[in-house]
There are 2 protein chains.
Amino acid sequence: MMDPFQAHCKMEVTLAVISGKWKADIVQMLSDGSPRRYGFFQKNLPEVTPKILTNQLRELENAGILTRVIYPEVPVRVEYQLTEAGLDLLPILEAMERWALSYIEKIQQRGCEM
Amino acid sequence: MMDPFQAHCKMEVTLAVISGKWKADIVQMLSDGSPRRYGFFQKNLPEVTPKILTNQLRELENAGILTRVIYPEVPVRVEYQLTEAGLDLLPILEAMERWALSYIEKIQQRGCEM
DNA sequence: CAGAATCCAAGGTGATACTG
DNA sequence: CAGTATCACCTTGGATTCTG
């Protein structure tokens, strides 16, 4: 992940935080505010390998987008949950989703088939 | 650039379009709607090399975010201008800028110096 | 259950020099 | 003026295998 703190403009900070193949998906899966477990992401993102999933979760954690809480039970339970900064990201992700829909329409009209 | 059309979710489409080290800057430089020339970007982004600048401009052009118009004068003049889709991107970039500001504040309070 | 370790391929970025 | 061409690095993502 690119270091958000050496970005040359503010937008780059945000882009650095959410750029990552599965980060937007992860944040969206936590969008209702409730905590989710590692296996939940694995189940809903069948294509992502454990290494990559852990990597994306850790980078989001280090960026302060989500928290990782370990419950030392047997078997161990780990819960991920959005922070306030993470919740603040949701409107942007929704706007990105809306833009993409409109964009896809425009592109189709332009003559590209999908 | 990652192909927006093989994204696994809509948000990825938008991310694919604006992910690129200088793309957000370029779009913002065109935000008032008026056309800008190659040299303008070079002057305002002194760190970017010609190859990369051309690369970022071409990817934005291929994505339909901006247009590239060549005026066959001597010397040649090339003007870049945002499309409708590009203009629609501006609110998102502004939201990203605002989020980054709030984020930086929060991080500083958390104890990280910048 | 929730990862960690190792190895590897791809592509995005950049330095440098050159051109229609 | 507005680019191209070549070479090289380095980060990101991924396949596979293994573990507290």
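Side-chain atoms of Ser19(A) and Lys23(A) include no donor-acceptor pair closer than 3.5 Å.
The CD1 atom of Ile52(B) lies 12.5 Å from the CG atom of Leu45(B); values are rounded to the nearest 0.5 Å. Taking CG of Leu82(B) as the start and CD1 of Ile65(B) as the end, the distance is 8.5 Å to the nearest 0.5 Å. A distance of 7.0 Å separates OH in Tyr80(A) from CD in Glu61(A), rounded to the nearest 0.5 Å. With rounding to the nearest 0.5 Å, the separation of CD in Gln81(B) from OG1 in Thr83(B) is 9.5 Å. In this structure, Leu15(A) CG and Met96(B) CE are separated by 3.5 Å, a value rounded to the nearest 0.5 Å.
Applying the 4.0 Å criterion to OP1 and OP2 of dC1(C), one finds that Arg37(A) has every side-chain N and O outside that range. The phosphate of dG12(C) has neither OP1 nor OP2 within less than 4.0 Å of any side-chain N or O from Trp22(B). Distances shown here put every side-chain N or O of Tyr71(B) at or beyond 4.0 Å from the OP1 or OP2 atom of dA2(D). Here Arg36(A) does not reach the OP1 or OP2 of dA2(C): none of its side-chain N or O atoms lies under 4.0 Å away. Of the side-chain N and O atoms in Lys21(B), one or more sit less than 4.0 angstrom from OP1 or OP2 of dG14(C). Between Gln56(B) and dG12(C) there is no side-chain N or O to OP1 or OP2 distance below 4.0 Å. Listed pair Arg68(B) / dG3(D) meets the phosphate criterion, a side-chain N or O lying under 4.0 Å from OP1 or OP2. A sub-4.0 Å separation between OP1 or OP2 of dG3(C) and a side-chain N or O of Gln42(A) is absent. Taking 4.0 angstrom as the limit, Tyr80(A) places a side-chain polar atom (N or O) nearer than this to OP1 or OP2 of dG3(C).
Distance from the side chain of Thr49(A) is smallest to dA15(D) among dG3(C), dA15(D), dA15(C). Listed nucleotides: dG20(D), dG3(C), dC1(D). Nearest to the side chain of Val78(A): dG3(C). Side-chain atoms of Pro50(A) lie closest to dA4(C) of the nucleotides dA2(C), dA2(D), dA4(C). Looking at the side chain of Ile52(B), the nearest of the listed nucleotides dA4(C), dG12(C), dG14(C) is dG14(C). Listed nucleotides dA4(C), dG12(C), dC1(D) differ in distance to Pro75(B); the shortest reach to its side chain belongs to dC1(D).
Regarding Lys43(B), its NZ atom lies at a distance of 17 Å from the C1' atom of dG3(D), rounded to whole Å. Atom-to-atom, CG of Leu45(B) to P of dG3(D) comes out at 15 Å; the value is rounded to the nearest Å. Between the CD1 atom of Ile70(A) and the P atom of dG20(D) there is a distance of 16 Å, rounded to whole Å. Atoms CG (Leu57(A)) and P (dC1(C)) sit 17 Å apart, rounded to a whole Å. For Leu53(B) and dC1(D), the CG to C1' distance is 13 Å, given to the nearest whole Å. Atoms CD1 (Ile26(A)) and P (dA2(C)) sit 14 Å apart, rounded to a whole Å. The CG atom of Asp3(A) sits 17 Å away from the P atom of dC10(D) (whole-angstrom rounding). Protein atom CG of Asn55(B) is 8 Å distant from nucleotide atom P of dG12(C), rounded to whole Å.
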